[in-house]
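The structure appears right after this line, and notes come after that.
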Amino acid sequence: MSDLRVRFAPSPTGYLHIGGARTALFNYLLAKKEQGIFVLRIEDTDLERSTQESVDAILQAMDWLGLSYDEGPFYQSERSKLYMSKIDQLLAEGKAYRCYCTPEELEAKREAAQQNGTKPRYDGTCRNRSDQPDAPCVIRFKTPLEGATSFVDRIKGTISVDNAELDDLIIARTDGSPTYNFVVVIDDAEMGMTLVLRGDDHINNTVRQIPIYQALGYPVPEFGHVPMILGSDKKRLSKRHGATSVMAYQELGFLPEAMVNYLVRLGWSFGDEEIFSMAELIEKFSLENVGRSAGVFNPEKLLWLNSHYIKEKTPEQLAELTAPFIENLSLSIAGGPDLARVVKSLQERAKTLVELAEGAEFFYRAIPDYNPDDCAKFITSAQLELFSRLRALFSSADDFSAVPLKEAFSALLEELGLGFGKGAQPLRVAMTGSRGGPDLFELVEILGRERVLQRIDSALERIS
RNA sequence: GUCCCUAUCGUCUAGCCUGGCCCAGGACACCGGCCUUUCACGCCGGCGACGGGGGUUCGAAUCCCCCUGGGGACGCCA
């Protein structure tokens, strides 16, 4: 048991996306590895945009990935009393002040600064005003005017910014509600975080938050900033690049093991190893091996990992996972061939559960969907005798299993003077509707005598 | 624009701190071959990178500087 305390603090304004999932994962892994505590906190200070659906979606996605938390979820919306008292404290100590500038005035100042070629910052108009009129105002934090704020980032090393670059940030809005940069500090401090590990888009926030810790007399935690995830065009990952929601990948037929493995390897490495179970990650993960630069999200590699984990499942596990996807195809599994045997025959051919379900389709249709081109080639009057003989063979076979069936089939082909491929392809198309798919006699066995005969009859019908 | 971060194959990365073992290793993708009744899997092989320029050094992917590229931040959002 170490005293490490880390957290994941999403704002419930949408689904858990790929980037958020990775920071959550890194925090989780670190906590597990160090036997520390992983806290979940919901940052819902923006009441306008926060929704319960988003909270549920985030919780569901974390659960799917296997990221359990030790404390929480805590909701910032329930902690306003604490925040208010801290604002009062800063005001009383002269470390914060009321600002009466209107949004319009600020907007004008920002524009002027942009024109000037300098960073738009609040100019401190109200910082030293002596009157305190009873008018709408926000509360601003007095950022140190001189010196620099620096910290040693656990991933990036020393980061330092001149305080002159910073401005007096708003810690409470006109309606009195506290803002993000303020509540984050209070929560991270009050919840005893020893390390704040978040996306590197927060680096700028970190240097603004450190003076607040100091003003409030809190110990400053350690920080680590994880690089961003980019799309294939090196732009920040967004919907334009495809699915960004973690749960969208679940619907696409991805396994959580694959997602976790992919996410962790995007920005972290352990020598030449590529495949990691959660248990191995907990053992091997460390911040030292996290890269410092942004990475491009690569769906191809995710797909490869997914096919790897599909192959690793037992047929029974896979059957359970695939069943809902088959039902999505409006097919009924009940009454059809045994699903575990079906997925086993398809297992090494599918990269996703969706592909697996699609591959299983012909098993669960009364008559397969015949591919016109393949039929035109393999189910023709030239195959009339073949199919008739096959019908007789299959109906009279004593042992309806792959090996003896294949032997009998080979003997028949020899008798007819046909090569194996000449006979196998027509049979395959008759059984599955097209070329491609599992081992022919394996699938024949799985279908069983009744369905096989049905399909041969159906093929014979098509010929005539 | 200003500030912060960052820079090895198309992509994820190893190597960099502690220069020589690196004319740079692995993985995905791609290409070719083998296996095979099909499609896949698998196996074997191939293509492919130290962003540029200056230093330092006997020697630099590794250390220093500049340039350039990329990302982020600049909100009464989080």
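Hydrogens, waters and symmetry mates play no part in the numbers below; they use all other heavy atoms, side chains included. Chain naming here is simple, since letters A, B, ... match the order of the sequence lines and numbering starts at 1 in each.
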Touch class at under 4.0 angstrom, heavy-atom based, for A/Thr45 against every strand present: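 Contact class for A/Thr45: sugar-phosphate only.
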Sugar-phosphate, base or nothing in reach of A/Asp162, heavy atoms under 4.0 Å: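 Nothing, no heavy atom under 4.0 Å.
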Qualifying residue, where the test is side-chain hydrogen bond (donor to acceptor under 3.5 Å, both in side chains) with A/His225 and the options are A/Thr206, A/Asn205, A/Asp200: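 Looking at A/Thr206, A/Asn205, A/Asp200, the match for A/His225 under the side-chain hydrogen bond (donor to acceptor under 3.5 Å, both in side chains) is A/Thr206.
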Is a donor-acceptor contact shorter than 3.5 angstrom present between the side chain of [X] and the base of [N]?
X: A/Arg349; N: B/rC41; answer: no
X: A/Asn205; N: B/rA78; answer: yes
X: A/Glu274; N: B/rG26; answer: yes
X: A/Thr179; N: B/rC76; answer: no
X: A/Asp272; N: B/rG25; answer: yes

B/rC74 pairs with, by Watson-Crick or G-U criteria that keep both distances under 3.5 Å: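 B/rG1 is the nucleotide pairing with B/rC74.
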Nearest-neighbour nucleotide for the A/Glu43 side chain, B/rU6, B/rA78, B/rC41 considered: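 Of all the options, the side chain of A/Glu43 is nearest to B/rA78.
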A/Lys351 side-chain proximity, nearest of B/rU13, B/rC41, B/rA78: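 So the nucleotide nearest the side chain must be B/rC41.
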Charged tip of A/Arg140 within 45° of A/Tyr122 ring normal and under 6.0 Å: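 Geometry flag: set, cation within 6.0 Å and 45°.
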Starting at atom [atom1] of [X], determine the distance to atom [atom2] of [N], rounded to an integer number of angstrom.
X: A/Glu414; N: B/rU37; atom1: CD; atom2: C1'; value: 16 Å
X: A/Arg428; N: B/rA40; atom1: CZ; atom2: P; value: 12 Å
X: A/Phe362; N: B/rC39; atom1: CZ; atom2: C1'; value: 11 Å

First encountered from the 5' end of RNA chain B, between A/Asn289 and A/Lys156: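 Its nucleotide being nearer the 5' end, the pick is A/Lys156.
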Whichever of A/Gly295 and A/Ser160 has its nearest RNA chain B nucleotide further upstream toward 5':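 Mapping each residue to its closest nucleotide by heavy atoms, the 5'-most match is A/Ser160.
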Presence of A/Arg236 side-chain N/O under 4.0 Å of B/rA73 phosphate oxygens OP1/OP2: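 It does, given that an N or O in the side chain of A/Arg236 lies less than 4.0 Å from OP1 or OP2 of B/rA73.
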